[in-house]
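Take a look at the structure set out below.
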Amino acid sequence: MDPFTDSPRMRSDSMSSSLSQGSRSKVVLRQRLTRLLTCIEDMRSDDEASEEVSRTLDEALHLCGRFVPTDAFRLLIVTWNVATAEPPEDVTSLLQLDVQPPTDLYVIGLQDVNASPVRFISDLLVEDAWSHVFMDTLGPRGFVKVTSMRMQGLLLLFFAKQCHLPFIRDIQTTYTRTGFFGYWGNKGGVSVRFSFYGHMVCFLNCHLAAHVNYALQRVDEIEHILETQDFDIADTPHVRDHKVVFWFGDLNFRIADHGLHFLRSSINGGRLHLLWNKDQLTMMKKKEAFLQEFDEGDLNFKPTYKFDRNSDTYDTSSPKTWLGFTGKKRKPAWTDRILWRIKPKTPPSEDDDEKASASPDGGLDEYPLLVSQDKYTSDMSYGVSDHKPVIAAFSLEVRKCFDTPLVHVSPLGAWSADQDALLNYTVQEDFMSSTWDWIGLYKVGFKNAFDYETFVWVREEELPEINEVIQLPVDKDEIPLLGGLYVLIYYSTNMQSIIGLSENFQILESKRAVMEGLVPEKINGLNK
C-alpha cells in the first residue's frame with residue numbers, strides 16, 4: 001500500500017528547467033494550460049489573446065516533445081522544538097525508516113536543544129546527545145552525517161546515504177543571531193548549503209520570535225536572515241541564490257483572533273480548514289512578496305504547539321501569576337513548519353530571447369530540477385517536548401550534472417592484519433587537491449568522515465596527474481584483526497568533503513586474532 005495516498009502530492013518546478021519524463025511532462029503541460037486559460041480571461045482584445053494563446057500552446061507542445069533523463073531522490077526533513085528535553089530512545093517513527101521508497105537524504109532541524117553553559121561546552125567537545133541518537137540510528141542503515149551546524153539551542157544535521165557522498169560538494173554552513181538585538185543566539189537561523197550532483201541547494205533551520213503579537217517581527221527576522229547570510233561561493237553567495245531553498249523550524253506563527261474554545265472544538269472536530277485563514281504565516285504571505293516565493297503543503301495535521309509533556313493533550317497548565325500579572329494557557333498553533341522555494345527564472349532580455357530561439361534546446365535549462373512534496377505531517381507519538389515534530393517527505397527529480405567521482409579509490413588484493421595491504425587511487429577530474437588529503441579505512445556503518453579505523457596521507461612529494469594511478473601501502477598493524485566489511489574513502493581537506501569512495505570489501509580475520517584471544521581457536525571445526 002502506498003504510504004502517501006493519504007495526502008496529495010504538491011509539486012513545484014524551477015521555471016528555467018526543461019522537460020524530463022512522463023510525469024514531468026504532465027506537470028509542465030498543466031502549468032502552461034492553466035496559464036493559457038488565465039491569459040484568455042485577462043486579455044482585453046482578441047488580437048492579444050490570439051497571440052498569447054498561440055505562443056503558450058507552442059511552448060507547451062515543445063516541452064512535452066522533449067526528453068531529458070532524470071534520477072529521483074527522496075529527501076526527508078524533520079523539524080522539532082525539543083524544549084531542552086533529552087532525546088527519546090527510539091526515533092524510528094520520526095525518521096520514517098520503514099517507509100518506501102527508501103530515503104536518500106535526511107535533514108533534521110532542532111530548536112531549543114539544551115544549551116545551558118555546562119552542557120553547551122561539553123557538546124562542543126563531543127557530539128551532543130541528539131546527534132548521537134540520530135547517528136546511532138542511521139549509521140547502521142548506511143547513512144553518514146555529512147555535516148552539522150550548532151548555534152546554542154539551534155541544531156541542524158545533514159545525513160546522506162553512503163553512495164551519494166562523492167557527489168555532495170561545496171559544503172558550507174553559517175548562522176545568524178536575532179535574539180536580543182542580534183547579540184544572543186537563542187533565536188535566529190542556522191543553514192547548510194551544498195551541491196548535490198551539481199544542483200545548488202540550501203537548508204535553513206530557524207527559531208523566530210515568540211508570542212502572538214510579534215508576527216511582523218518574525219517576518220522582519222526571516223527577511224534579515226535571508227539577506228545577511230552569505231557563503232564563500234561565487235555563483236550562490238546568498239541563500240536565495242540557490243536553486244532550491246528549504247526553510248523550516250519553530251517559526252512561531254500563531255493563529256490570530258480565534259478564541260481558545262473555538263480553536264479546540266475545530267481541532268477536535270477535524271475542521272482544521274476553519275483555522276487556516278487566521279494562521280499568521282498564511283496571512284503574512286498575502287502581504288509580503290518574498291514570502292510568496294515559498295511553497296508549503298496543506299496544514300492537514302493538528303497544530304503542533306502547545307502540549308502537556310508526554311501526552312496528546314493541549315496545554316492544561318494552571319494560570320500563573322508573576323509580579324501581579326495573570327498568565328494564561330497557550331492557544332494551539334502551527335508554530336512548526338516546513339516550506340521550500342524554487343529560484344524564480346530571471347526574465348530574459350531581447351538578446352536572450354533571440355539566443356534561446358536559435359539554440360537546439362530552446363534556451364531551457366540543460367539540468368532541470370523538480371521538487372514534489374509527498375508528505376507533510378506531524379508525529380503525535382513523541383511527547384518529550386511541548387511541541388510535536390513535523391515531517392515532510394520530498395521527491396527530488398534531477399538530471400545529474402555529473403555522475404563520476406573526482407577520485408577513484410580501491411583496495412588491491414586480499415586484506416588482513418597478517419600482512420601489509422595496498423590500495424590504488426586515481427584522480428579522475430581536476431580539483432583543488434592537497435598533500436594534506438587522506439584516504440581512510442572505514443567499517444561499513446560508519447557515522448561521519450572522522451569515524452575511521454586508520455588512514456594514510458596521499459602522496460606527499462607532489463600532487464598526482466589526472467588518470468595517474470597511485471599505489472599506497474597500509475601497515476598491517478593498522479588493519480583490524482577481526483576483519484569485517486569495510487570501505488576506503490578519499491577525503492579532500494580543501495573541499496572538506498568525501499570525494500572518492502570504494503566498493504565495500506571484506507577484510508579477512510587475522511591469525512593474530514586467535515593468538516591474542518580475540519576469537520576462539522578452532523580444532524576440527526569446533527571452538528576450543
Side-chain angles (χ1 to χ4, degrees), residues 20 69-78 95-97 99-108 131 134-135 137-149 156-173 192-203 233 236 242-246 340 367-372 374 392-410 425 428-429 431 439-440 442-452 485-492 495-505:
S20 60
T70 60
D71 292 274
F73 304 95
R74 189 168 186 268
L75 162 70
L76 193 85
I77 297 178
V78 175
L95 298 176
Q96 306 277 289
L97 290 173
V99 171
Q100 296 295 325
T103 301
D104 295 278
L105 307 173
Y106 282 98
V107 178
I108 302 163
S131 296
F134 289 120
M135 289 192 295
T137 303
L138 291 171
R141 294 175 179 259
F143 289 91
V144 178
K145 193 189 84 170
V146 179
T147 191
S148 63
M149 185 64 197
L156 180 58
L157 301 165
F158 169 41
F159 293 83
K161 193 176 291 185
Q162 179 180 305
C163 61
H164 300 312
L165 297 177
F167 309 104
I168 299 171
R169 304 174 187 173
D170 302 318
I171 305 164
Q172 291 191 10
T173 60
V192 57
R193 61 88 56 207
F194 53 88
S195 162
F196 183 63
Y197 289 96
H199 295 270
M200 308 303 180
V201 295
C202 184
F203 295 85
I233 302 288
T236 53
H242 293 77
K243 202 164 191 178
V244 186
V245 177
F246 293 93
W340 75 98
Y367 298 102
L369 171 63
L370 175 68
V371 177
S372 304
D374 298 319
F394 296 90
S395 292
L396 306 181
E397 291 182 57
V398 304
R399 185 185 181 192
K400 298 175 182 176
C401 301
F402 50 79
D403 57 7
T404 302
L406 295 176
V407 176
H408 177 268
V409 58
S410 62
Y425 78 92
Q428 301 186 121
E429 187 179 332
F431 68 95
I439 297 174
Y442 297 76
K443 189 173 181 63
V444 170
F446 68 100
K447 299 174 182 178
N448 57 50
F450 300 97
D451 189 20
Y452 50 76
L485 202 58
Y486 286 81
V487 63
L488 292 169
I489 285 176
Y490 187 110
Y491 186 84
S492 167
M495 298 178 69
Q496 296 288 293
S497 60
I498 292 167
I499 60 173
L501 184 75
S502 77
E503 297 290 335
N504 295 346
F505 67 100

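For clarity, every value in this text was computed on a predicted model and none was experimentally measured. Atoms considered below: every heavy atom in the structure, side chains included; atoms not considered: hydrogens, waters and symmetry mates.
A pairwise comparison of heavy atoms in Glu397 and Ser372 identifies OE2-OG, 4.4 Å as the closest pair. Nearest heavy atom pair, residue Asn448 against residue Val144, reads CA-CG1, 3.7 Å. The minimum heavy-atom distance linking Val245 with His242 is given by the pair CG2-CB, 4.2 Å. What you find for Tyr425 and Ile439 is that their closest heavy atoms are CD2-CD1, 3.6 Å. Asp71 and Lys400 make their closest contact through OD2-CE, 3.5 Å (heavy atoms, listed as atom of the first residue, atom of the second, distance). What you find for Pro405 and Gln428 is that their closest heavy atoms are O-NE2, 2.9 Å.
Using cut-offs of 30° and 60° on the angle between ring planes, the pair Phe167 and Tyr197 is parallel.
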After noting the C-alpha distance and the side-chain angles of Ser395 and Asp374, does the key distance pass the side chain to side chain donor-acceptor pair (under 3.5 Å) rule?
-> CA-CA 7 Å; Ser395 292; Asp374 298 319; 2.6 Å; yes
Step by step, work out the side chain to side chain contact (heavy atoms under 4.5 Å, CB included) result for Ile77 and Phe394.
-> CA-CA 8 Å; Ile77 297 178; Phe394 296 90; 3.9 Å; yes
Test Ser131 against Leu157 for side chain to side chain contact (heavy atoms under 4.5 Å, CB included), laying out the working first.
-> CA-CA 8 Å; Ser131 296; Leu157 301 165; 3.4 Å; yes
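In this structure the side chain of Ile498 never reaches within 4.5 angstrom of the side chain of Val146, judged on heavy atoms. In this structure, the side chains of Leu105 and Phe196 come closer than 4.5 Å at one or more pairs of heavy atoms. Side chains of Lys447 and Lys145 form no contact here, defined as non-hydrogen atoms less than 4.5 Å apart. Side-chain atoms of Phe73 and Val398, non-hydrogen and from C-beta on, do get closer than 4.5 Å to each other. A heavy-atom distance below 4.5 Å is found between the side chains of Ile108 and Phe134.
For Thr173, the side-chain contact (heavy atoms from CB on, under 4.5 Å) test picks out Thr147, Met149, Val192, with sequence neighbours left out. With sequence neighbours excluded, the residues that form a ring pair (Phe, Tyr, Trp, His ring centres under 6.0 Å) with Phe194 are Phe158, Phe203. A search for side-chain contact (heavy atoms from CB on, under 4.5 Å) contacts involving Ser410 returns His408, Asn424, not counting sequence neighbours. In terms of the side-chain hydrogen bond (donor to acceptor under 3.5 Å, both in side chains) criterion, residue partners of Asn504 (sequence neighbours excluded) are, by chain and number, Gln162. For Phe446, the ring pair (Phe, Tyr, Trp, His ring centres under 6.0 Å) criterion is met by Tyr442, not counting sequence neighbours. Residues passing the side-chain hydrogen bond (donor to acceptor under 3.5 Å, both in side chains) test with Thr103 are Arg74, sequence neighbours excluded. Partners of Tyr490 according to the side-chain hydrogen bond (donor to acceptor under 3.5 Å, both in side chains) rule, which considers only residues two or more places apart in sequence or in another chain, are Asp437. Checked against side-chain hydrogen bond (donor to acceptor under 3.5 Å, both in side chains), Ser492 has no partners two or more places apart in sequence or in another chain. Phe450 pairs by the ring pair (Phe, Tyr, Trp, His ring centres under 6.0 Å) definition with Tyr491, not counting sequence neighbours. Contacts of Asp104 classified as salt bridge (Lys or Arg N to Asp or Glu O under 4.0 Å), with partners at least two apart in sequence or in another chain: Lys161. Residues that satisfy the ring pair (Phe, Tyr, Trp, His ring centres under 6.0 Å) test with Phe505, not counting sequence neighbours, are Trp415.
A cation-pi arrangement is present between Arg169 and Phe402 under the rule of less than 6.0 angstrom and at most 45 degrees off the ring axis.
Atom CG of Asp170 and atom CD1 of Ile233 lie 4.5 Å apart (nearest 0.5 Å). Atoms CZ and CD1, on Phe431 and Ile499 in that order, are 3.5 Å from each other to the nearest 0.5 Å. Here the straight-line distance linking atom CD1 of Ile489 with atom OG of Ser502 works out to 7.5 Å at 0.5 Å rounding.
Each of Val244, Val107, Val201 was evaluated against Leu75; a single residue qualifies, Val107, per the side chain to side chain contact (heavy atoms under 4.5 Å, CB included) test.
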